[in-house]
Structure formats: structure tokens, C-alpha cells
Number of protein chains: 2
Amino acid sequence: MTEPSRNRVGTTEKSLTILEFLQREDGAGVTEVATALEMSKSTVHSHLTTLVDCGYVTHHDKQYHVSTKLLRLGGRLRDQSPLYQAARIEMKSLAAETDGVVRLYLKEGDDATMIAQEGYYPGIPERHLGERTPLTESIAGPVMLAEHGRSDGGDVVDGAPDDAAEAADSPQVDDEVRDRFARIHRRGYAVETSSTSSDRTFAGALSRRDGAVMGALTVTVPGDAASPLSAGDRLLEAVERVELSLTSWYDSHATFSPKHSWHVHSH
Amino acid sequence: MTEPSRNRVGTTEKSLTILEFLQREDGAGVTEVATALEMSKSTVHSHLTTLVDCGYVTHHDKQYHVSTKLLRLGGRLRDQSPLYQAARIEMKSLAAETDGVVRLYLKEGDDATMIAQEGYYPGIPERHLGERTPLTESIAGPVMLAEHGRSDGGDVVDGAPDDAAEAADSPQVDDEVRDRFARIHRRGYAVETSSTSSDRTFAGALSRRDGAVMGALTVTVPGDAASPLSAGDRLLEAVERVELSLTSWYDSHATFSPKHSWHVHSH
DNA sequence: CATGGTCGTTCGGTATAGTCGAACGAGATC
DNA sequence: GATCTCGTTCGACTATACCGAACGACCATG
């Protein structure tokens with residue numbers, strides 16, 4: 001937030017700060033924004049009218065709210081991503097057969113972003129659309145780190161200075177992480193039981209044929225589910241089918257589309 | 001787009017234009033943006049670095065893409081909306097029982113925005129998350145207009161100068177619109193058969209207890225579905241349950257929260 | 001009915017900062 | 001190794017974003 005490099009265009013930065021403030025506060029008035037962000041009322045008013053004119057903010061009854069334009073722009077990004085295109089069908093059938101909640105994560109850098117969700121039951125641990133969590137948290141991350149390590153062929157923990165190394169920076173947890181990764185490798189997926197509820201979550205990594213980890217697929221079933229065991233096996237089937245569809249997508253789109261490298265974010 | 005009023009902060013407007021250009025083009029380089037938007041390269045570079053620093057754009061391999069931050073901000077907006085909170089559970093069960101695709105629309109002004117989707121089958125008419133369509137198109141709109149007219153008690157077509165009046169501005173289609181609305185009133189929901197495929201879509205309006213139309217619920221089933229008749233009845237059940245949950249939400253949150261008026265947009 | 005308070009909005013002066021063109025360096029292509 | 005293209009940096013100019021003050025509306029309160 002505080003300027004790390006000498007970029008430019010502080011005006012845009014200010015507008016986006018106001019936008020995110022409206023997001024956090026679920027709407028606000030002019031003076032409310034001005035006092036909170038320590039700006040003059042007239043400046044805030046200018047920025048808000050600009051955001052309204054551009055369609056990012058609505059202005060009803062002296063209250064400014066963020067509009068659905070952000071959802072529209074973000075939704076188009078998701079709908080166009082090959083990962084979502086490849087996973088849509090399997091997410092639906094996986095959720096239907098396991099009667100659980102299926103979530104699709106996109107790996108970007110050292111974080112995992114939840115970009116799609118299928119199915120719902122009350123009491124499930126909340127996870128918001130677009131929520132970004134570090135790879136070291138919440139099974140979807142570790143399963144990708146483990147898969148990333150396996151694709152390199154060597155040991156992950158004390159191997160190359162990788163993303164995975166950050167997950168095992170403290171030596172005393174080396175064995176623990178190593179064991180966890182070994183278990184993931186053996187089964188092909190990871191399991192986690194919720195600490196608050198009795199829900200079980202199964203997670204599998206989605207890799208391209210060249211080994212690049214693109215994301216992860218997750219299915220959460222309630223503790224009193226009919227057959228919690230088969231959920232893991234069913235997840236593996238879904239993962240394989242998604243990967244198959246994913247590689248076929250890349251094969252068909254590999255012909256001259258340098259623009260659609262679709263951010264592998266490998267380093 | 002072209003300045004309708006003398007607002008302010010043209011810089012922000014320029015940044016957002018660049019952002020939307022990246023959205024449309026699925027990523028681009030500096031000069032590509034500069035030539036397309038008729039700006040100097042240095043200016044574009046400044047704006048892009050700012051957007052990157054704020055997290056709205058990623059910068060990999062000399063290509064700038066919009067990031068998932070838009071999805072995150074838009075997703076939080078959706079997840080916090082009472083309409084989505086009230087409809088989540090019913091959307092899931094409705095999709096499971098009809099084996100179709102359930103969509104939730106939010107009424108904002110004279111448009112309907114698709115904010116949630118549950119279920120999927122290949123070949124379904126595409127509709128993107130956050131997509132905004134006029135109320136006169138695509139059943140979700142008309143069903144809201146019809147419900148809006150009913151809540152006013154009078155005839156919609158030549159009644160008060162309302163939102164609905166715009167749907168019937170041309171006199172020769174008055175009867176057609178009136179008949180359609182009457183049919184919707186009689187059954188409680190609207191039906192539409194896809195012109196391209198044989199899919200059938202059932203739509204019902206979601207109103208608050210005071211009569212304000214908040215949105216619409218939609219279920220699309222393939223033409224060769226098992227029991228297409230029951231989908232409409234099942235939809236009605238879902239609509240009633242969502243409305244029940246919605247009014248209870250407003251009752252519990254009515255106690256001093258002027259900020260969460262949640263844009264009824266009735267104007 | 002009057003009045004003090006709050007809020008949103010408008011207006012013009014001033015100095016900040018966003019814009020532009022030119023120049024530099026890296027990378028690819030032939 | 002030469003030439004083109006692209007991304008990035010730098011400095012000067014001036015457009016323009018910022019601010020404070022003032023105005024009008026709207027609610028409470030006396």
C-alpha cells in the first residue's frame with residue numbers, strides 16, 4: 001500500500017483506494033470517505049462522480065456503493081480462463097455425485113485464488129469467490145506445492161530454492177512436511193478434516209502435461225456423508241478428466257497465440 | 001464514455017479505460033495499448049505500473065493482464081448481498097432436483113445482472129457472471145417487470161410512468177405484452193424455449209414483502225429432460241422459500257442499519 | 001416557525017503531478 | 001553483427017487535480 005517504488009499516477013491510486021474503501025464499508029457517504037481517508041470533501045466528490053460515470057459505483061440516496069461492474073469484469077476473466085472451461089463440467093458432476101461442495105483454485109504466484117464454486121450446504125466453512133490465500137494454507141495450496149515438487153523429480157523440501165522451500169523454512173517441521181507430501185504423492189490427493197465442524201475436504205492438484213501446476217480442485221463433504229471414502233477416488237477421476245480437457249485445450253490453442261500464454265507464473 | 005457531464009479526475013478515467021481495454025483484449029503490451037487508445041507510451045506505462053502496484057493488473061513476460069482482484073472485489077459484493085445469501089441453498093437444491101442450471105439475477109435500475117449460477121451442462125446458452133442485460137430481454141427481465149406491475153395493483157402497460165412503461169412504449173405491442181404479463185401473473189412464472197436449442201428456461205421474480213422486486217430466479221433444463229413440467233412448480237417452491245428467507249433477513253437487519261438499505265433502486 | 005447542525009455539491013485559484021517526446025537498453029529476426 | 005521493435009527512464013511543460021470556502025437542502029431541536 002505505502003509506495004514501495006516510485007510509480008506514477010497517484011490520482012488513480014487515490015480513486016482505487018476510495019473504491020476499496022466503499023467495498024470494505026459496504027457503501028458510504030462523501031464526508032465519511034473524506035474523514036476516513038483524510039481527504040477533502042471536494043476531492044472525494046470528484047473521484048466518486050468519476051467512478052459513477054465509469055460505472056464502477058452507484059449513487060443512490062446519498063450513499064455510494066460499488067456496482068456489479070467489478071463482478072462483471074472479474075467474471076469474464078474467469079469464464080475465459082481455460083482452467084475454468086476445462087473444469088466446469090466435472091465440477092458439476094463431482095458435486096452432484098458426492099453431494100458436496102466443489103471448489104476450483106487458480107494458482108497465481110505463491111497464492112491460490114478460488115475462482116469457482118459448485119454446490120452448497122449450510123454450515124460449510126465460508127470461502128469467498130476470488131479469495132486469495134497463501135499456498136501454505138488450506139489444503140488447496142499444499143497439494144499444489146507437493147505436485148510441483150513431484151514434477152521436478154527431486155525432493156521438495158531440501159531441493160531447489162523453490163516455492164515449496166518457503167513452506168518448510170523452519171527445520172523442525174521438515175519431517176512433518178515431507179511426510180505430508182509423501183502421503184499426497186502416494187494417494188494423489190490430500191485430505192483435511194475441519195477443526196470446527198466434522199467436514200472433510202479432499203484436494204487434488206491440476207497440472208498441465210508439461211508439469212506446470214495450474215490450480216487445484218477441491219471437494220468438501222459433510223462429516224455425516226454417505227460414503228466419504230469414495231469422494232477421494234471420485235475426485236481423482238475428476239482431476240484426470242480436467243487435466244485431459246486442459247491439455248487438449250492447450251493443444252488446440254497452441255497454434256499462434258502468444259498473447260494467451262495464460263500466466264503460468266512458474267517462477 | 002464521452003463526457004456527458006463535467007465530472008473530474010480524467011486521470012482515473014484514463015486508468016479505467018486501460019483496465020477495460022486489457023479486459024477486452026485478454027492482456028496486451030504497452031505499445032499495443034498506447035496505439036489503440038491514442039496515448040503516449042510513457043503515459044500508458046505509468047498507468048500500468050500503478051495498476052500493477054495496486055494489484056489490479058499482473059505483469060508477466062512483457063504482457064499485462066487483469067488480475068483476479070476484480071473477481072475478489074466483485075465476489076465479496078455478491079457474497080454479502082442478502083439476495084445471494086437467501087438464495088444459495090435453494091439454488092443448490094433446485095439445480096440438483098431439476099438437473100438443470102439455476103441462475104440468480106439482481107435487479108438494478110432497468111437492468112438485470114446475473115450474480116450467481118449453480119449447475120452446468122454442455123450446450124447451455126452461455127451467460128457470464130455479472131452479465132448485465134436490459135429488463136426487456138431474456139425472460140429474467142420481463143418476469144420482474146410483470147411482478148413489479150402486479151405489486152402496484154394496477155395495469156402495468158398503461159399504468160403509472162414506471163420502469164415497466166418503457167417495455168411497452170410502442171402501442172402496437174401493447175396487447176402482446178399485456179398477454180404475456182397476464183400469463184406470467186396466472187402461473188407465477190415465465191417460460192421461454194431457446195430458439196437455437198430445445199432448452200426450456202423457467203423464471204420467477206423475487207420480491208420483498210413490501211412488493212419491491214429484488215431480482216429473479218431462473219432454471220434452465222435441456223429439451224430432453226425427464227420432467228420439464230415439474231421444473232416450473234419446483235421453481236415456484238424455491239422462489240417462495242427464497243422470499244421467505246429474504247424477508248426474515250430484512251426483519252433481522254432492519255434494526256438501525258441505514259447504510260444497508262441495499263439499493264432498492266426503486267426511484 | 002426559527003435555528004443550528006450536518007451533508008452534498010459547486011466554484012475558482014494555485015501548485016502539484018500527470019503528460020509528452022526523445023533517448024536508452026534489451027531482445028528478437030534476418 | 002546490424003536493424004527493427006518493444007519496454008523503460010528522464011526532464012520539462014502545462015494541463016489539471018487538489019483544496020478551502022461558500023451555497024443550498026435536509027433534519028432535528030429549541
Side-chain angles (χ1 to χ4, degrees), chain A residues 2-19 21-22 25-54 56-67 256-261 263 266-267, chain B residues 2-19 21-22 25-54 56-66 256-261 263 267:
Chain A
T2 56
E3 48 275 298
S5 64
R6 91 192 237 248
N7 48 7
R8 296 281 169 85
V9 215
T11 304
T12 299
E13 212 166 346
K14 203 168 285 191
S15 284
L16 295 177
T17 304
I18 294 176
L19 187 71
F21 179 79
L22 289 181
E25 301 293 323
D26 286 335
V30 176
T31 52
E32 191 177 349
V33 177
T35 54
L37 302 181
E38 293 178 357
M39 299 161 56
S40 71
K41 285 194 297 179
S42 53
T43 301
V44 173
H45 184 258
S46 303
H47 283 268
L48 283 176
T49 50
T50 305
L51 290 172
V52 169
D53 285 349
C54 292
Y56 290 83
V57 166
T58 60
H59 175 45
H60 269 283
D61 196 44
K62 295 186 176 180
Q63 286 282 311
Y64 291 87
H65 296 266
V66 301
S67 75
F256 280 110
S257 61
K259 174 179 288 183
H260 290 85
S261 61
H263 17 214
S266 52
H267 62 104
Chain B
T2 57
E3 50 276 297
S5 64
R6 96 195 233 246
N7 49 5
R8 296 282 169 82
V9 216
T11 305
T12 299
E13 211 166 345
K14 204 167 286 190
S15 286
L16 295 177
T17 304
I18 294 176
L19 187 72
F21 178 80
L22 290 180
E25 301 294 321
D26 287 334
V30 176
T31 52
E32 191 177 348
V33 176
T35 54
L37 302 181
E38 294 179 356
M39 301 161 56
S40 70
K41 286 195 296 181
S42 51
T43 302
V44 173
H45 180 69
S46 303
H47 282 268
L48 284 174
T49 50
T50 305
L51 290 172
V52 169
D53 286 349
C54 292
Y56 290 82
V57 166
T58 58
H59 175 44
H60 270 284
D61 196 45
K62 296 186 176 179
Q63 286 284 312
Y64 291 87
H65 297 266
V66 301
F256 280 113
S257 60
K259 173 179 291 184
H260 290 85
S261 62
H263 18 213
H267 64 107

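Throughout, protein chains are lettered first and strands after them, A, B, ... in sequence-line order, and every chain is numbered starting at 1.
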Roughly, in whole Å, what's the span from NE2 in His59(B) to P in dC6(D)? 15 Å

Value for CG (Asp53(A)) from CD (Glu13(B)), rounded to nearest 0.5 Å, stands at 7.0 Å

Atom NE2 in His60(A), atom OG in Ser67(A): separation rounded to 0.5 Å? 11.0 Å

Nearest-angstrom distance from the residue atom NE2 of His47(A) to P of dG8(C): 16 Å

Drop me the distance from Leu16(A)'s CG to Tyr56(B)'s OH, to the nearest 0.5 angstrom. 4.5 Å

Starting from the 5' end of DNA chain C, give me the residue, Gly10(A) or Gly29(A), whose nearest nucleotide shows up first. Gly29(A)

Please determine if a side-chain N or O atom of His45(A) lies less than 4.0 Å away from the OP1 or OP2 oxygen of dC11(C). no

Closest listed nucleotide, where the reference is the side chain of Thr43(B) and the choices are dC18(D), dC6(D), dT19(C): dT19(C)

Figure out the CD/P separation between Glu38(A) and dC18(D), and round it to whole Å. 15 Å

Hey, could you give me the NZ/OG distance between Lys14(A) and Ser46(A), rounded to the nearest 0.5 Å? 11.0 Å

For dG18(C) and Thr11(A) - does any side-chain N or O of the residue sit under 4.0 Å from the phosphate oxygens OP1/OP2? yes

What pairs with Tyr64(B) under ring-ring contact (aromatic ring centres under 6.0 Å, His included), at least two apart in sequence or on another chain? His59(B)

If I take atom CG in residue Leu48(A) and atom P in nucleotide dG8(C), what distance separates them, rounded to the nearest angstrom? 9 Å

Excluding sequence neighbours, so at least two apart, what forms side chain to side chain donor-acceptor pair (under 3.5 Å) with Ser42(A)? Ser40(A)

How many angstroms lie between OG1 in Thr43(B) and CD in Glu38(B), if you round to the nearest 0.5 Å? 13.0 Å

dT9(C) P sits how many Å from Glu32(A) CD, rounded? 14 Å

Terminal helix-axis angle for the helix from dG4(C)-dC27(D) to dC30(C)-dG1(D), with five pairs defining each axis and rounding to 10 degrees: 40°

Once side-chain contact (heavy atoms from CB on, under 4.5 Å) is applied, do any residues pair with Thr11(A), and if so which ones, sequence neighbours excluded? His47(A), Val9(B), Thr11(B), Thr12(B)

How long is the line joining CG of Leu37(A) and C1' of dC18(D), in whole Å? 15 Å

If I take atom CD in residue Gln63(B) and atom P in nucleotide dT8(D), what distance separates them, rounded to the nearest angstrom? 11 Å

Val30(A) has its side chain closest, among dA17(D), dT9(C), dG21(C), to dT9(C)

Side chain of Thr31(A) - closest among dC7(C), dA17(D), dG7(D): dC7(C)

Readout for nucleotides 22-30 of chain C: B = base within 4.0 Å of protein heavy atom, S = sugar-phosphate only, - = neither; 5' to 3' it is ---------

Looking at Tyr64(A), does any N or O in its side chain come under 4.0 Å of the phosphate oxygens OP1/OP2 on dC7(C)? no

To the nearest Å, give me how far apart CD (Glu13(A)) and C1' (dG18(C)) are. 13 Å

A side-chain contact here means heavy atoms from C-beta on lying under 4.5 Å apart; do Ile18(A) and Met39(A) qualify? yes

Interatomic spacing from CG in Leu37(A) to CD in Glu32(A) - rounded to 0.5 Å: 10.0 Å

